[in-house]
Amino acid sequence: MAEKKKKFIGKKFEALHRSRELAVQFLCSLDIYPEQDFSQSLELFMSLDVFQDDKPEVKERCRTLASEVWNRKSEIDEVLLRIVTGWRPERMVSVDRTILRLMILEGFMMKSLPVGSAITEAKNLARDYGTKDSSRFVNGVMCKAAKYFEASENAGD
């Protein structure tokens, strides 16, 4: 029987991925219970044992990502409305919507990682946390987002 090879992933990438996973978890909880106070909920989440094995930078990056998504949610949802036909953001599966918000923000609005990396990371998060169809759906939306932002940038030239 062939042994499955473990991919080498650098420690920096692992920490970034972990902070995104945690941000998705936190933001999904807010999505399910929108009446929660963001700041109080974030402080409670940050105090959980879920972070016990993580370095402080993972916790801080999670906090930053969650706050940025929360503060720019309506702006990101406007983008989703423009690129996803037939599905308003509130009709999407909560996990898919949360992953899309996070990765559109980080990959296209903040430009803190390359477009290809943002698409791959979104797809991987959707595969790990979403439904059986999430990975395909999220990948398609992220590819549309890449075209949308590229066209927007070219129009501004």
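Nothing fancy with the numbering, it's 1 onward along the sequence.
Listed here is the closest heavy atom pair of A23 and A66: CB-N, 4.4 Å. Closest non-hydrogen pair, A146 versus I119, comes out as CB-CD1, 4.3 Å.
With respect to the salt-bridge test (charged N to carboxylate O, under 4.0 angstrom), the residues K55 and E14 do not qualify. With salt bridges taken as basic N to acidic carboxylate O contacts below 4.0 Å, one links R63 and E43. Salt bridge status for E106 with R61: present, with a side-chain N to carboxylate O gap under 4.0 Å. Using a cut-off of 4.0 Å between Lys/Arg side-chain N and Asp/Glu carboxylate O, D31 and R101 are scored as salt-bridged.
F51 and F45 have perpendicular rings, their planes meeting at more than 60° on a 0 to 90° scale where under 30° would count as parallel.
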Checklist entry - Do V138 and M103 pass the side-chain contact (heavy atoms from CB on, under 4.5 Å) test, and can you show the C-alpha distance, the side-chain angles, and the key distance before you say yes or no? => result CA-CA 10 Å; V138 166; M103 297 315 300; over 6 Å; no

Next on the checklist: Is there a side-chain contact (heavy atoms from CB on, under 4.5 Å) between V84 and K144? Walk through the geometry before answering.
Outcome noted: CA-CA 8 Å; V84 180; K144 283 184 175 185; 5.8 Å; no

Next on the checklist: Could you go through S134 and T131, starting from their C-alpha distance and side-chain angles, then the distance that decides it, and tell me whether this counts as side chain to side chain donor-acceptor pair (under 3.5 Å)?
Outcome noted: CA-CA 5 Å; S134 290; T131 68; 2.9 Å; yes

Next on the checklist: Let's go through R136 and N139 carefully: what are the C-alpha distance in whole Å and the side-chain angles of both, what is the deciding distance for side chain to side chain donor-acceptor pair (under 3.5 Å) to 0.1 Å, and is it a yes or a no?
Outcome noted: CA-CA 5 Å; R136 261 187 15 247; N139 184 61; over 6 Å; no

Item to check | Step-by-step side-chain contact (heavy atoms from CB on, under 4.5 Å) determination, W70 to F26 | outcome: CA-CA 11 Å; W70 187 256; F26 171 70; over 6 Å; no

Next on the checklist: Before you tell me yes or no, could you show the steps for M142 and K123 under side-chain contact (heavy atoms from CB on, under 4.5 Å), namely the whole-Å CA-CA distance, both residues' side-chain angles and the distance that decides it to 0.1 Å?
Outcome noted: CA-CA 9 Å; M142 289 296 290; K123 190 170 82 171; over 6 Å; no

Checklist entry - Taking it one step at a time, do K111 and E153 satisfy salt bridge (charged side-chain N to carboxylate O under 4.0 Å, His left out)? => result CA-CA 13 Å; K111 297 180 183 183; E153 286 178 10; 2.6 Å; yes

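Under the 4.5 Å side-chain heavy-atom criterion for grouping Ile, Leu, Val, Met, Phe, Trp and Tyr, V95 is connected to L125 within one hydrophobic cluster. When the side chains of ILVMFWY residues are joined at heavy-atom separations under 4.5 Å, either directly or via intervening members, Y129 and L48 end up in a single hydrophobic cluster. At a threshold of 4.5 Å between side-chain heavy atoms, the hydrophobic network of Ile, Leu, Val, Met, Phe, Trp and Tyr places L105 and L16 in two separate groups. Connection of Y148 to F137 is established within a shared hydrophobic cluster, with ILVMFWY side chains joined at heavy-atom distances below 4.5 Å, either directly or through further cluster members.
The salt bridge (Lys or Arg N to Asp or Glu O under 4.0 Å) check on D54 picks up R18, with sequence neighbours excluded.
Considering CG of L81 and CD1 of I76, their distance stands at 12.5 Å, rounded to 0.5 Å. Rounding to the nearest 0.5 angstrom, the gap separating the CD1 atom in I99 from the CG atom in N124 is 10.0 Å. Considering NZ of K147 and OG of S152, their distance stands at 14.0 Å, rounded to 0.5 Å. Here CG of L80 is found 11.5 Å from OG of S74. Values are rounded to the nearest 0.5 Å. One distance of note links OG1 of T98 with CG of L102; it measures 9.0 Å at 0.5 Å rounding. Here E121 contributes atom CD and R20 contributes atom CZ; the two are 4.5 Å apart, rounded to the nearest 0.5 Å.
Between I104 and F149 the shortest side-chain heavy-atom distance falls below 4.5 Å. Looking only at side-chain heavy atoms (C-beta outward), C62 and E21 stay at 4.5 Å or farther from each other.
Put simply, the side chain of S117 never gets that close to the backbone of L113: no donor and acceptor are under 3.5 Å apart. Side-chain atoms of R97 come within 3.5 Å of backbone atoms of P89 as a donor-acceptor pair (strictly under, hydrogens ignored). Without hydrogens or angle criteria, D37 side chain to Q40 main chain gives a donor-acceptor distance under 3.5 Å. At distances below 3.5 Å, at least one donor-acceptor pair connects side-chain atoms of Q36 with backbone N or O atoms of S29. Under the 3.5 Å distance criterion, the side-chain polar atoms of S67 are left unmatched by any main-chain donor or acceptor of T64.
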